[in-house]
Q: 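The structure that follows is given in the form of structure tokens.
Side chains are part of it too, since the values below use all heavy atoms of this structure and drop only hydrogens, waters and symmetry mates. Labels below follow one simple rule: chain letters A, B, ... track the order of the sequence lines, proteins then strands, and each chain is numbered from 1.
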There are 2 protein chains.
Amino acid sequence: MRVSKEKAADNRERILTTASRLIRERGISGVGVDALTEAAGMTHGGLYSQFGSKQRLVEEAVAEAIASKGRELCETTTVDDYVSEYLSPAHRDDPGSGCPFAALCSEMQRQSQGARERFTAGVKGMIGWLSARIGSGTRQRRRDEDAIVTLVSLVGALVLARAVSDPKLSDEILRATRKKLAG
Amino acid sequence: MRVSKEKAADNRERILTTASRLIRERGISGVGVDALTEAAGMTHGGLYSQFGSKQRLVEEAVAEAIASKGRELCETTTVDDYVSEYLSPAHRDDPGSGCPFAALCSEMQRQSQGARERFTAGVKGMIGWLSARIGSGTRQRRRDEDAIVTLVSLVGALVLARAVSDPKLSDEILRATRKKLAG
DNA sequence: CATTTATAATTACGATCATCATCTAATTCA
DNA sequence: TGAATTAGATGATGATCGTAATTATAAATG
């Protein structure tokens with residue numbers, strides 16, 4: 001049964017939005033096509049009209065998640081502000097709307113080329129953003145290196161803070177990394 | 001059909017060993033009970049005689065992977081050696097026998113309490129190992145903080161180096177982080 | 001306005017998932 | 001030697017997986 005073009009576009013967008021949240025919350029292989037479409041008020045088959053396959057949807061959802069966070073990034077003023085938001089308990093406790101790099105990194109190596117390329121583009125963008133704002137000399141290469149190390153520390157701290165079951169250790173991971181990146 | 005106690009123990013160990021490799025290669029939710037037992041030369045039923053459930057096996061496999069890497073750690077002399085091995089392309093390209101923290105971190109938050117506790121114990125052990133070997137003053141607390149930041153950087157660098165599809169960027173992530181942790 | 005065409009979403013499908021009940025064979029122990 | 005125990009095979013189960021065929025209706029065409 002067909003639906004108006006408007007309605008179809010709306011459905012597509014809603015699937016994409018919920019997918020970008022769900023894959024961050026439950027992992028890519030942890031969420032099925034049923035959950036992805038049901039949350040958008042449809043049956044699972046509709047996914048194939050809109051995206052052709054789960055893999056294709058994942059590719060777009062990864063891009064959407066990264067783009068969405070990129071938009072937030074534009075509103076952030078300083079690296080220090082970003083770091084302390086990134087390493088906050090609030091961010092740790094809300095993966096669904098949080099950093100896609102942290103949420104998807106260890107699953108990414110097993111995804112399609114397309115998904116990995118979009119992820120990679122996002123990582124490059126993030127490194128660029130950090131590099132442009134980090135004041136460690138004027139040499140481009142040195143700034144890029146520092147940006148990489150900053151990103152690596154942010155992502156590593158967040159995933160480990162989420163993984164451990166001891167709340168004290170989790171807080172300590174965030175705190176120690178925040179302290180290091182600030183000073 | 002029954003099997004000798006020896007043979008049964010041997011089977012159990014083989015399932016555990018292959019499981020600890022497979023979950024690191026394909027992810028916990030990416031590998032099924034069939035694959036886990038088949039690789040050990042058994043049918044899926046045997047898993048339930050030995051472990052009761054997939055979750056229980058995962059818990060033991062996580063512990064086994066961490067213990068196995070812990071044994072390797074005893075043979076490593078310096079932190080610098082460890083860092084350069086950890087951040088080597090060889091380690092990046094062989095997740096199955098590599099760091100369990102990096103392989104499982106982003107899936108861990110969705111696992112059973114038991115699995116997360118074993119993971120957490122491993123993280124604490126690793127922090128302790130690093131802390132005891134890092135020469136940044138005598139104050140325990142300061143050393144622990146540095147150990148955490150080191151671990152966080154190692155894990156973050158490895159997962160991101162594995163995730164990105166651009167080999168040059170991947171190498172650069174490893175290189176920049178190695179440089180930072182060395183100097 | 002009537003008819004055809006295109007297509008969004010439902011429904012049907014086969015494969016695979018983790019689990020469990022049942023069975024078998026052989027070890028272990030009395 | 002015989003009885004009890006048990007590791008593992010087997011096949012059924014219901015749930016869920018991703019996909020393809022079907023259907024219903026909007027849009028295009030006359």
Q: Write down the distance between NZ (B:K7) and C1' (D:dT6), rounded to a whole number of angstrom.
A: 16 Å
Q: Can you tell whether the side chains of B:R118 and B:E60 come within less than 4.0 Å, N to carboxylate O?
A: no
Q: Identify which nucleotide among D:dA9, C:dA8, C:dT11 has an atom closest to any side-chain atom of A:T43, counting heavy atoms from C-beta outward.
A: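 Looking only at side-chain atoms, A:T43 lies closest to C:dT11.
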Q: With a 4.0 Å cutoff (strictly under), does any side-chain N or O of A:Q50 reach OP1 or OP2 of C:dA9?
A: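 So the side-chain polar atoms of A:Q50 do come within 4.0 Å of the phosphate oxygens OP1 or OP2 of C:dA9, strictly under.
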Q: One thing to verify: whether A:D171 and A:R92 come together as a salt bridge, which I'm taking to mean a side-chain N less than 4.0 angstrom from a carboxylate O.
A: yes
Q: Would you kindly give the CG-to-P distance between B:L47 and D:dT10, to the nearest whole Å?
A: 16 Å
Q: Would you indicate whether the side-chain heavy atoms of B:T78 and B:R133 approach each other to under 4.5 Å?
A: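 The answer is no, as the side chains (C-beta and beyond) never meet within the 4.5 Å cut-off.
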Q: Does this structure show an ion pair linking A:E59 with A:R56, if we count only N-O contacts that are shorter than 4.0 Å?
A: no
Q: Could you check which of D:dT19, D:dA7, C:dT10 has an atom nearest any side-chain atom of B:V3?
A: D:dA7
Q: What is the nucleic acid contact for A:S53, judged by heavy atoms within less than 4.0 Å: base, sugar-phosphate only, or nothing?
A: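 The answer is sugar-phosphate, as A:S53 gets under 4.0 Å only of primed atoms, P, OP1 or OP2.
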Q: Could you tell me how far apart B:D10 (CG) and D:dG8 (C1') are, to the nearest whole angstrom?
A: 14 Å
Q: Quick one: the side chain of A:R2 and the base of D:dA26, do they pair up donor-acceptor inside 3.5 Å?
A: yes
Q: Please pick, from D:dG8, C:dA18, C:dT28, the nucleotide with the shortest atom-to-atom distance to any side-chain atom of B:N11.
A: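 Taking heavy atoms from C-beta onward, the closest nucleotide is D:dG8.
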Q: Does B:Y48 have a side-chain nitrogen or oxygen under 4.0 Å from the phosphate oxygens OP1 or OP2 of C:dT19?
A: yes
Q: In whole angstrom, what separates B:L36's CG from C:dT19's P?
A: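 Rounded to whole Å, this separation is 11 Å.
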Q: On DNA chain C, does the nearest nucleotide to B:I28 precede the nearest nucleotide to B:K5 from the 5' side, or the other way round? Give the residue.
A: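 Checking each residue's closest nucleotide, the 5'-ward one belongs to B:I28.
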Q: Carefully, step by step, assess B:E107 and B:Q111 under the rule side chain to side chain donor-acceptor pair (under 3.5 Å).
A: CA-CA 7 Å; B:E107 246 181 329; B:Q111 298 304 310; 4.9 Å; no
Q: In this structure, how many angstroms lie between the P atom of D:dG8 and the CG atom of B:D34, rounded?
A: 16 Å
Q: How many Å lie between CD on A:E6 and P on D:dA26, as a whole number?
A: 13 Å
Q: Within the modelled atom types, does a donor on one side and an acceptor on the other bring the side chain of A:H44 and the base of D:dA20 under 3.5 Å apart?
A: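 Checked by distance alone, the answer is no.
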Q: Rounded to the nearest angstrom, tell me the gap between atom CZ in B:R26 and atom P in C:dC17.
A: 10 Å
Q: Do B:S49 side-chain and D:dG8 base share a donor-acceptor contact under 3.5 Å?
A: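 Yes, the side chain and the base share a sub-3.5 Å donor-acceptor pair.
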Q: Classify the nucleic acid contact of A:V33 as base, sugar-phosphate or nothing, counting any heavy atom under 4.0 Å across all strands shown.
A: base
Q: Check the distance between D:dC17's P and A:K54's NZ and give it to me in whole angstrom.
A: 8 Å
Q: Using a heavy-atom cut-off of under 4.0 Å over every strand shown, decide if A:S4 touches base, sugar-phosphate, or nothing.
A: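 Answer is sugar-phosphate: A:S4 comes under 4.0 Å of backbone atoms only.
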Q: Does this structure show an ion pair linking B:K124 with A:D166, if we count only N-O contacts that are shorter than 4.0 Å?
A: yes
Q: Base, sugar-phosphate, or nothing: which does A:G32 touch, judged by heavy atoms less than 4.0 Å apart?
A: sugar-phosphate
